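Following: one structure in structure tokens, then a few remarks.
A, B, ... follow the sequence lines: proteins, then strands. Residue 1 opens every chain. Small disclaimer: the values here were computed from a predicted structure and weren't measured.
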Amino acid sequence: MSVARLLSSSQLNTAIVNHLDDGRLVDAVKLFCSNSHLRNTASWNLMLAGYIRNGRPQCARKLFDEMPCRDIVSWNTILSGFRRSGDSFMAFQHFSTMILSGLRPSGVTLTTMITIFQSSNLLVQLHGMAIRTGLSLNSIVGTALVGGYAGLRDPIAMFQAFKDIPIKNSVSWTSLMLGYMEFGRLNDAERVFEAMPVKNVVSWTAMINGCISNGNLNAARRYFDQMPIRNVITWTSMIKGYQQNEQQVNALNLFAEMLRLSSVRPNQFTYSTVLAACAGCCSLLFGKSVHGQILKSQLLWDVILSSSLVEMYGKCGDVDSATQSFESFEIRNVVSWNSIIGCYARHGLSTRALEKFKEMIQEGVRPDDITFVCVLMACVHGGLVEEGEYYLELMEREFCIKPRLEHYGCMVDLLGRAGQIDRAEDLIKQMPFEPDTALWGAFLSACGWHLNLEHGLWAAKAMQRLEMDHPAIYSMMLRVYGERGAWRRVNGLKEKMEKVVVGKQMGLSWVDSAAS
DNA sequence: ATAGGGTTAG
């Protein structure tokens with residue numbers, strides 16, 4: 001760093017801005033500290049914003065408390081910091097202090113507060129304050145109110161807030177459209193979109209995402225094809241739309257089309273979506289090629305992108321590459337750990353999965369509910385009944401995670417496979433959830449495997465009452481009756497099977513389908 | 001210097 005002598009406040013501030021824009025927070029701090037004689041309020045505000053932009057809310061607060069004098073920008077900046085860190089209580093407290101100190105809120109203040117307290121009753125108070133101070137005439141404040149009332153699930157107030165915006169631009173229109181999308185009112189959203197005088201890429205993309213979140217993939221694709229200009233966010237949204245609707249091949253085709261026919265280049269967001277699509281259809285070939293593309297593109301491996309890669313290799317059955325990827329990334333979080341533990345669990349490497357879990361705890365990463373699904377899955381595949389019971393108890397006692405239906409499902413599977421049908425049934429009876437089809441299926445398979453007619457029938461009847469169906473019902477019964485030589489009942493069941501299961505997905509293996 | 005609309009993982 002050069003040590004040129006700074007002569008004025010504006011020189012100091014320009015130098016701070018340059019450092020912050022280059023992401024050199026430390027240098028900005030040094031400059032700020034070593035030039036205390038040149039500091040003005042703007043210098044303090046710049047540092048405040050710098051800390052917040054770099055995700056250091058605690059430093060920002062300390063600086064804010066030490067400031068000799070605070071102007072409206074200082075208050076607005078610290079409020080935006082509380083928004084970033086999701087601390088609405090502190091935001092409210094500081095806002096009150098500011099008002100009580102006699103400082104008048106600006107449009108920025110109200111906009112920030114509105115976005116923090118959208119979907120809270122405080123919104124109405126803020127709206128009132130905006131009207132009293134005349135700040136509701138500010139288009140940005142008005143647009144924030146539209147989003148706020150959407151969050152409050154009040155379509156009438158939302159539309160009124162929109163009408164009250166004196167000069168509506170495409171941001172205001174898009175907010176209104178998104179509001180209707182959130183209400184599931186696709187027709188109203190489309191009407192607003194049609195009426196929008198100027199549409200840009202963002203409005204089009206918002207429209208596409210709205211269609212997707214309302215489950216209308218075809219409409220989304222129509223808008224996608226219709227729009228004049230698509231950017232990387234548009235492409236990623238559409239690809240993600242296919243991916244989350246289990247249309248992995250369409251997702252991958254669209255990605256290929258993006259590379260081939262457009263000049264838009266993928267980013268981290270695109271790649272993590274595409275990797276999820278590869279994982280979803282177990283396409284190791286495509287996944288490896290995407291991995292190569294990412295390496296060539298020199299993109300940064302953020303924690304999301306890297307865990308998508310681990311997940312892709314894990315789901316595509318390449319355990320070694322999953323391991324290698326996981327170990328090679330410095331930044332890891334719960335999701336990355338879950339991906340690798342889940343990978344080992346799925347592939348029957350129970351010991352390795354449980355070792356990874358212990359390693360994760362040692363590294364101080366806090367497990368979540370999904371971690372324990374993976375851990376229990378590992379116990380199921382290894383037949384580790386005692387370990388499973390231990391972890392089920394551990395998750396609640398040590399980590400305050402209440403077992404969900406999925407965890408109970410694993411336990412039923414675990415006990416059932418071990419032949420402890422009675423205990424599995426006890427667990428079903430005492431758990432605080434209604435069993436789903438998957439859980440009954442696991443239980444029934446266990447009954448079939450262990451020739452336990454009594455419990456199997458109990459489960460089959462329960463499923464019938466709930467109008468659930470599962471191939472395991474029939475295979476269990478076939479097994480049980482067949483084993484007992486009750487061939488007449490087997491034949492009856494086969495007829496029933498044909499009636500009930502025809503047209504639905506049967507539990508046929510590839511060999512069965514080829515044989516028939 | 002601070003504010004409003006669109007994208008990512010299990």
Side-chain angles (χ1 to χ4, degrees), chain A residues 13 16-17 20 40-50 52-53 71-81 83 105-116 118 135 138-148 150 165 168-179 181 196 199-210 212-213 230-241 243-244 266-276 279 302-312 314-315 333-343 368-371 373-374:
Chain A
N13 293 349
I16 291 177
V17 168
L20 289 176
N40 57 17
T41 308
S43 334
W44 286 88
N45 290 343
L46 278 169
M47 289 310 300
L48 204 54
I52 289 167
R53 267 210 304 276
D71 63 7
I72 188 67
V73 176
S74 330
W75 287 98
N76 293 343
T77 308
I78 198 71
L79 287 177
S80 82
R83 182 182 54 184
S106 70
V108 179
T109 323
L110 280 182
T111 306
T112 307
M113 287 301 287
I114 289 167
T115 55
I116 296 175
Q118 62 182 2
L135 288 169
N138 176 325
S139 293
I140 299 186
V141 172
T143 302
L145 283 169
V146 172
I165 300 174
K168 304 169 184 64
N169 57 20
S170 37
V171 182
S172 332
W173 282 91
T174 306
S175 297
L176 181 69
M177 188 275 288
L178 279 173
M181 284 297 194
M196 200 182 301
K199 304 178 182 67
N200 57 20
V201 202
V202 180
S203 352
W204 282 96
T205 308
M207 194 63 206
I208 290 172
N209 282 316
I212 292 172
S213 59
R230 296 174 271 274
N231 65 15
V232 63
I233 301 183
T234 321
W235 283 96
T236 304
S237 299
M238 197 63 231
I239 295 171
K240 175 71 189 160
Q243 192 270 326
Q244 75 192 31
N267 63 13
Q268 289 97 318
F269 293 72
T270 324
Y271 281 125
S272 10
T273 306
V274 171
L275 286 171
D302 65 33
V303 68
I304 295 183
L305 187 56
S306 48
S307 55
S308 313
L309 187 75
V310 175
E311 183 68 20
M312 183 278 291
K315 284 239 175 93
N333 65 7
V334 214
V335 183
S336 343
W337 284 96
N338 291 351
S339 292
I340 196 67
I341 295 171
C343 165
D368 64 9
D369 50 341
I370 298 177
T371 316
V373 172
C374 299

Side chains of A:S172 and A:T143, donor plus acceptor under 3.5 Å: yes

Sugar-phosphate only, base, or nothing, as touched by A:I370 at under 4.0 Å among non-hydrogen atoms: base

Flag side-chain contact, heavy atom, 4.5 Å: A:N231 against A:T234: yes

Donor-acceptor pair present, A:N76 side chain and B:dA1 base, under 3.5 Å: no

Test item: A:S203 and A:M196 side chains (from C-beta on) under 4.5 Å apart, heavy atoms: yes

A:V108 vs A:V141 side-chain heavy atoms within contact, under 4.5 Å: no

Options B:dT7, B:dG4, B:dT2, nucleotide nearest the side-chain atoms of A:F269: B:dT7

Whole-Å gap separating C1' (B:dG6) and CG (A:N267): 13 Å

Interatomic distance, A:I341 CD1 vs B:dA9 C1' [rounded to whole Å]: 15 Å

Sugar-phosphate, base or nothing in reach of A:T109, heavy atoms under 4.0 Å: nothing

A:T41: side chain to side chain contact (heavy atoms under 4.5 Å, CB included) partners, not counting sequence neighbours: A:N45, A:M67, A:C69, A:D71, A:S74

Touch class at under 4.0 angstrom, heavy-atom based, for A:E311 against every strand present: sugar-phosphate

Sugar-phosphate, base or nothing in reach of A:N13, heavy atoms under 4.0 Å: nothing

Base B:dG5 to side chain A:N169, donor-acceptor N/O within 3.5 Å cut-off: no

Sugar-phosphate, base or nothing in reach of A:R83, heavy atoms under 4.0 Å: sugar-phosphate

Sugar-phosphate, base or nothing in reach of A:S308, heavy atoms under 4.0 Å: sugar-phosphate

Touch class at under 4.0 angstrom, heavy-atom based, for A:S203 against every strand present: base

Under 3.5 Å donor-acceptor pair, A:S272 side-chain atoms to B:dT8 base atoms: yes

Distance, rounded to the nearest Å, where A:Q243 contributes CD and B:dT7 contributes C1': 13 Å

For atom CZ of A:R230 and atom P of B:dT7, their distance in whole Å: 18 Å

base_contact_polar (B:dG5 base, A:T174 side chain, donor-acceptor, <3.5 Å): yes

Residue pair A:V201 / A:R230, side-chain heavy-atom distance below 4.5 Å: no

Touch class at under 4.0 angstrom, heavy-atom based, for A:D369 against every strand present: nothing

Separation of B:dT8 P from A:Q268 CD (nearest whole Å): 13 Å

Donor-acceptor pair present, A:S307 side chain and B:dA9 base, under 3.5 Å: yes

Distance, rounded to the nearest Å, where A:M113 contributes CE and B:dG4 contributes P: 14 Å

Touch class at under 4.0 angstrom, heavy-atom based, for A:S172 against every strand present: base

Sugar-phosphate only, base, or nothing, as touched by A:G107 at under 4.0 Å among non-hydrogen atoms: base

Whole-Å distance separating the CD1 atom of A:I140 from the P atom of B:dG5: 10 Å

Pair A:I165-A:V146, side chain to side chain contact (heavy atoms under 4.5 Å, CB included): steps then yes or no: CA-CA 9 Å; A:I165 300 174; A:V146 172; 4.0 Å; yes

Minimum-distance nucleotide (side-chain atoms of A:N45 versus B:dG6, B:dT8, B:dA1): B:dA1

Residue A:S80, side-chain atoms from C-beta onward, closest of B:dT2, B:dG4, B:dA9: B:dT2

Touch class at under 4.0 angstrom, heavy-atom based, for A:V201 against every strand present: base

Integer-rounded Å distance: B:dT2 P and A:L46 CG: 8 Å

